[in-house]
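See structure below.
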Amino acid sequence: MDRRIRKHANKARMARRMAWEAIHKDRISQLPDDTLSHILSLLPTRDAVRTTILPKRWNNLWISIPNLDFDQREVSSDKFGEFVDGVLSLHASSNIQKFRLCSRNSYNNGDEYLSRNSRWICDAMRHNIVELDLHIFDNHGSSRLGDLQLPVSLFTCKTLVALKVSSNCMNLAPPPSASACFPSLKSLHYRLGWPDSASMFEMLASKCPVLEDLTIDQMKTFRILGSLMAADKYRFSINAPKLENLVVSGQVGSSNYYFSNNAKAMVKAEIHLIHGDSRENIYHVERAPPLLEGVSGVKYLSLLTPMFSARSLPSFDNLKHLKVGLFRCSYWGYVIELLKRSPNLEDIVLDIWTWTWGKQEYVKGYRAFNPPEVVPICVSSHLRTISIINFMGYDDEFEVVKYLLQYSEVLRRLTISTRESYLFKTRRMTAEKLHKKALKFQKCSKTCEIEIIINSETDRHKNCSCHL
């Protein structure tokens, strides 16, 4: 904030100096009105209005400037309202390019304060506004969370392209009847100081048809779910420096991009994406890096998607706990690459999506499990628990289990969860045969326990287990 204020102040000083030098040399009168209005638009509105003390050439120029900037810190608090009212009533231009309002209520007149700010925003919307920058705070905001209701014209404005909102008393929720909002809005910078800002933001994002850039301050959890993911027209840029938890889930369209920038505080991420048409899954492989790079610093990661390839993975240096969905048996190379790029991994869950697995020789792009020449650091030094869900009994699965047991020096537990129907369907294998085969594998860790869980076919809530 201080940086933006300094930048704004430097810009204003330069504009004042340009105006003073031009007047002093008496060259300003030779410039056209459009040029003079542009110069004045670089000044705070308070300084632009002050040019009325100059020769008559300047008297009416300020009322047509395309940018209006009202900052209560630059005007006496008791006169700020009159000043804004006066400028808006005299502003002659039919269009306002940018409207910035920075106000704060320091007195116990909350209702009047909120009503006044709402009226100013409404007046600005009548001028085909393009950029709206609102910083509105009530010192008594703890009792007024969401009390400032914005005009309906704001949500239906066809000219508004960029919106910045920072407030502890504003309600940015669209009207209940609105199926879509902000028809032209491409950039939204959002910072609200009331508890329901996360859910309200998600609702907003789902209703903005052309939104491209999102900046979220003070938000710790953000979810992109369901229908929002499926629309081809969305392209997001997420900037959330305080974000701790990210959930991206649903079907995606062919034009979706997701970026997470400056997410140094992020701890947990869930990426659950499936394309509605499985033939399109490969199309998204090269789009993984921007999203995965944004979550590469997390400690907890759940990846359930068939759309990311091994070559698109970043390094996950902080990752401790990983759950990964296996779509088709050719994904073992993907798992090994994740292990290589997660040097501090302690727990891994391999969730086999059985409906995507057929006979190995018929799976398109099938590659047999190929153990890496060098054992990943996490396997030899950090991996403590391994869980394989929906184990089907394929040769590749047994090879993976054998490899992990052989090289995991500090492994404490390996759990295999399956159903008898899975084992019988793939290898005509019974639970007893699975137990015997697991016993034959060499264990590097002397403290490792192997747990086999056979889920009941008659009651999904019951299971039998065996510890080896």
TODO: To the nearest 0.5 angstrom, please state how far the CG atom of Leu163 sits from the NE2 atom of His189.
DONE: 10.5 Å

TODO: State, with a plain yes or no, whether a side-chain heavy atom of Leu326 is found less than 4.5 Å away from one of Val335.
DONE: yes

Task: Side-chain touch Val375/Tyr403, heavy atoms, less than 4.5 angstrom - done: yes

Task: Nearest-0.5 Å distance, CG of residue Asn168 to CE of residue Met170 - done: 9.5 Å

Open item on the list: Between Thr159 (side chain only) and Ile129 (backbone N and O only), is there a donor and an acceptor less than 3.5 Å apart?
Closed with: yes

Task: Closest contact, heavy atoms only, Leu154 versus Leu132 - done: CD1-CD2, 3.4 Å

TODO: Start with the C-alpha gap between Met266 and Asn245, add the side-chain angles, then the distance that decides, and say whether side-chain contact (heavy atoms from CB on, under 4.5 Å) holds.
DONE: CA-CA 6 Å; Met266 193 180 297; Asn245 304 303; over 6 Å; no

Open item on the list: Under a 3.5 Å distance rule, please check whether Ser167 uses its side chain to pair with a backbone N or O of Ile136 as donor and acceptor.
Closed with: yes

TODO: With the side chain counted from C-beta on, respond yes when Cys448 and Leu405 share a heavy-atom pair under 4.5 Å apart, and no when they do not.
DONE: yes

Open item on the list: I need the minimum non-hydrogen distance between Gly325 and Trp353, along with the two atoms involved.
Closed with: CA-NE1, 4.0 Å

- [ ] Would you sort out whether Asn344 and Asn318 count as a side-chain contact (heavy atoms from CB on, under 4.5 Å), showing the intermediate values?
- [x] CA-CA 6 Å; Asn344 296 298; Asn318 300 325; 5.7 Å; no

Open item on the list: Taking the ring centre of each residue, are Tyr394 and Phe398 less than 6.0 Å apart?
Closed with: no

Task: Neighbour count above 12 (heavy atom, 6.0 Å) for Arg412 CZ - done: no

Task: Any donor-acceptor pair under 3.5 Å from Ser408 side chain to Leu404 backbone - done: yes

TODO: Side-chain contact test, heavy atoms from C-beta onward, threshold under 4.5 Å: evaluate it for Asn128 versus Ile96 and give yes or no.
DONE: no

- [ ] Work out which heavy atom in Ala269 is nearest to a heavy atom in Val298; give both atom names and the distance.
- [x] CB-CG1, 4.1 Å

Open item on the list: Whether the side chain of Thr418 engages the backbone of Phe391 through a donor-acceptor N/O pair (distance < 3.5 Å, no angle test) should be reported.
Closed with: yes

Task: Heavy-atom neighbours of Phe441 CZ exceed 12 at 6.0 Å - done: yes

Open item on the list: Using side-chain heavy atoms (C-beta onward) and a distance below 4.5 Å, is Ile450 in contact with Val401?
Closed with: no

Task: Heavy-atom closest contact (Asp351 atom, Lys323 atom, distance) - done: OD2-CE, 3.8 Å

Task: Nearest-0.5 Å distance that lies between atom CZ in Phe182 and atom NZ in Lys158 - done: 15.0 Å

Task: Salt-bridge present (Glu451, Arg413; N to O < 4.0 Å) - done: yes

Task: Other residues, nucleotides, ligands: >12 heavy atoms within 6.0 Å of Ile377 CD1 - done: no

Task: Sub-4.5 Å side-chain heavy-atom contact between Leu345 and Leu339 - done: yes

Task: Leu411 backbone acceptor or donor facing Ser445 side chain under 3.5 Å - done: yes

Open item on the list: Determine whether Glu131 and Gln97 satisfy the following criterion, side-chain contact (heavy atoms from CB on, under 4.5 Å), listing intermediate values before the conclusion.
Closed with: CA-CA 6 Å; Glu131 298 179 46; Gln97 175 71 23; 3.7 Å; yes

TODO: Mark yes or no for whether Ser296, through its side chain, and Glu293, through its backbone, hold a donor-acceptor pair below 3.5 Å.
DONE: yes

Open item on the list: For Cys169, is there any backbone N or O sitting under 3.5 Å from a side-chain donor or acceptor partner on Asp138?
Closed with: no

TODO: In plain terms, say whether Arg100 and Asp71 are close enough for a salt bridge, that is, a side-chain N and a carboxylate O under 4.0 Å apart.
DONE: yes

- [ ] Ignoring hydrogens and angles, tell me if any N or O in the side chain of Glu337 forms a donor-acceptor pair with the backbone of Gly333 under 3.5 Å.
- [x] no

Task: Non-hydrogen side-chain atoms of Ile121 and Pro151 separated by less than 4.5 Å - done: yes

Task: Distance-minimising heavy-atom pair for Gly393 and Glu397 - done: N-OE1, 2.9 Å

Open item on the list: In terms of relative ring orientation, are Trp332 and Phe369 parallel, tilted or perpendicular, with 30° and 60° separating the classes?
Closed with: perpendicular

Task: Cys102 SG to Asp69 CG distance, which is reported to the nearest 0.5 Å - done: 8.5 Å

- [ ] Calculate, to the nearest 0.5 Å, the distance between atoms CG and CD1 belonging to Leu414 and Ile386 respectively.
- [x] 5.0 Å

Task: Residue pair Leu313, Leu338: steps toward the side-chain contact (heavy atoms from CB on, under 4.5 Å) verdict - done: CA-CA 7 Å; Leu313 297 172; Leu338 276 168; 3.8 Å; yes

Task: Gap separating the NZ atom of Lys186 from the CG atom of Leu160, nearest 0.5 angstrom - done: 12.0 Å

TODO: State which residues pass ring-ring contact (aromatic ring centres under 6.0 Å, His included) with Tyr300; sequence neighbours excluded, sorted by chain then number.
DONE: His321

Task: Nearest atoms (heavy-atom pairs only) where Pro343 meets His382 - done: O-CD2, 3.0 Å

Open item on the list: Any heavy-atom pair between the side chains of Leu350 and Ile389 that's under 4.5 Å?
Closed with: no

Open item on the list: Checking the side chain of Tyr113 only, and the main-chain atoms of Ser103 only, is there a donor and an acceptor separated by less than 3.5 Å?
Closed with: yes

Task: Donor-acceptor pair, side chain of Asn390 and main chain of Ile352, under 3.5 angstrom - done: yes

